[in-house]
S.K.: 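So that we are looking at the same thing, I have put the structure below in structure tokens.
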Amino acid sequence: TVGDLADLPESAVVAALGPAAGRHLRSLARGVDPGRVRPDRRARSIGHEETFATDLRGEAELGHAAVHMAHAVAGRLRRERRAARTVTLKVRFADFRTVSRSATLPRPVDDGSALAAAARDLLRGIDLRGGVRLLGVTGSGLGDAGVRQLSLDDALAGDRHELGGAVDAIRARFGDAAIGPASSVALRGWGAGTGSGAGRWGPDAGTADGP
């Protein structure tokens, strides 16, 4: 733990990790950091990940978890008026081996359905038989969400950005659990008071596939 690291003699940490890393990490553990605090720095990526109580192996269950996380990321993107061009899926297995896969979208998006579709496509390309301990979805390549050009698909299907804004407004008034993607509720009850992430749609509200 951080407390254990702070209590160790500096010589022991340096012997284990080397002079530079050992002294630096022990200082951080003791609350010493000479770096300047920059609270106004804009994030380069926005993500959400969860460590599961038991290892998951099924593509369906992990797919639902990826949807839940993608919508949480989308909600944060909209609140910060950002849009993501790249979606990254992070998978940590039961043996703590970690892999990540990324996909670049045709244009920046702040829509949970688009992020979720990309995340699920990436998930299909990973062998999940070893059991998954942690799953994460991150949006990067961020740009200003105000600079966006509607595609023909947007015109035909309706602008999903407006749907996301409506979902955000519902959550702002009635709470994060008021509405969420039905596909993530169906299997584990996310947002309905059961399962991992009970009663919420991530660390901050996301968007939804529909009521």
Side-chain angles (χ1 to χ4, degrees), residues 1-57 61-62 65-82 84-103 110 115 119 122-123 126-128 130-143 175-177 184 188 190-191 193-206:
T1 67
V2 173
D4 293 334
L5 180 58
D7 290 339
L8 285 173
E10 182 177 292
S11 58
V13 183
V14 167
L17 302 176
R23 293 191 180 99
H24 177 64
L25 291 176
R26 184 172 180 272
S27 294
L28 293 180
R30 297 168 68 88
V32 178
D33 183 2
R36 295 182 59 188
V37 176
R38 298 181 59 184
D40 57 343
R41 179 185 296 178
R42 300 193 78 182
R44 295 183 179 180
S45 64
I46 292 176
H48 176 44
E49 61 184 39
E50 288 189 15
T51 300
F52 304 118
T54 58
D55 299 335
L56 303 185
R57 290 176 171 80
E61 189 169 22
L62 286 163
V67 170
H68 149 74
M69 296 173 194
H71 283 268
V73 171
R76 291 183 58 192
L77 284 169
R78 288 195 300 274
R79 278 196 297 282
E80 297 188 20
R81 301 184 183 278
R82 311 297 298 280
R85 183 72 184 272
T86 299
V87 179
T88 299
L89 183 76
K90 175 181 175 181
V91 178
R92 178 167 295 153
F93 295 95
D95 60 1
F96 291 97
R97 180 172 55 92
T98 303
V99 300
S100 62
R101 300 287 186 271
S102 297
D110 59 4
L115 296 176
L122 293 169
L123 187 66
I126 300 175
D127 184 351
L128 306 172
V132 175
R133 177 70 52 86
L134 174 148
L135 189 71
V137 176
T138 298
S140 60
L142 304 185
D176 289 352
S184 71
R188 291 178 63 93
W190 275 304
T194 63
S196 175
R200 58 183 173 84
W201 302 104
D204 297 289

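Computed over heavy atoms, backbone and side chain alike; hydrogens, waters and symmetry mates excluded.
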S.K.: Got a sec, which residues hit side chain to side chain contact (heavy atoms under 4.5 Å, CB included) with V14, two or more places apart in sequence or on another chain?
M.R.: E10, P19, R23
S.K.: Could you walk me through whether E49 and L134 pass the side-chain contact (heavy atoms from CB on, under 4.5 Å) test, one step at a time?
M.R.: CA-CA 7 Å; E49 61 184 39; L134 174 148; 3.7 Å; yes
S.K.: Compare every heavy atom of V132 with every heavy atom of L128, then report the nearest pair and how far apart it is.
M.R.: CD2-CG2, 3.9 Å
S.K.: Where is the tightest heavy-atom contact between G22 and V13, given as atom of each residue plus distance?
M.R.: O-CG1, 3.4 Å
S.K.: What closest approach, in Å, do L77 and L115 show between heavy atoms, and which atom pair accounts for it?
M.R.: CD1-CD1, 3.9 Å
S.K.: For A94, give me all partners under side chain to side chain contact (heavy atoms under 4.5 Å, CB included), at least two apart in sequence or on another chain.
M.R.: D55, R133
S.K.: Please find the pair of heavy atoms, one from A72 and one from H48, that lie closest to each other, and give the distance.
M.R.: CB-CD2, 4.0 Å
S.K.: Over all heavy atoms of both residues, which pair between A70 and V137 is shortest? Give the atoms and the distance, please.
M.R.: CA-CG1, 4.2 Å
S.K.: Under the 3.5 angstrom rule, does the side chain of R85 hit a backbone N or O of G143 as a donor-acceptor pair?
M.R.: no
S.K.: I want to check something: taking the side chain as every heavy atom from C-beta on, are V73 and T138 in contact at a cut-off of under 4.5 Å?
M.R.: no
S.K.: Between I46 and E80, what is the shortest heavy-atom contact and its length?
M.R.: CD1-OE1, 3.7 Å
S.K.: Please list, chain by chain and in numerical order, all residues satisfying side chain to side chain contact (heavy atoms under 4.5 Å, CB included) with S27, sequence neighbours excluded.
M.R.: V32
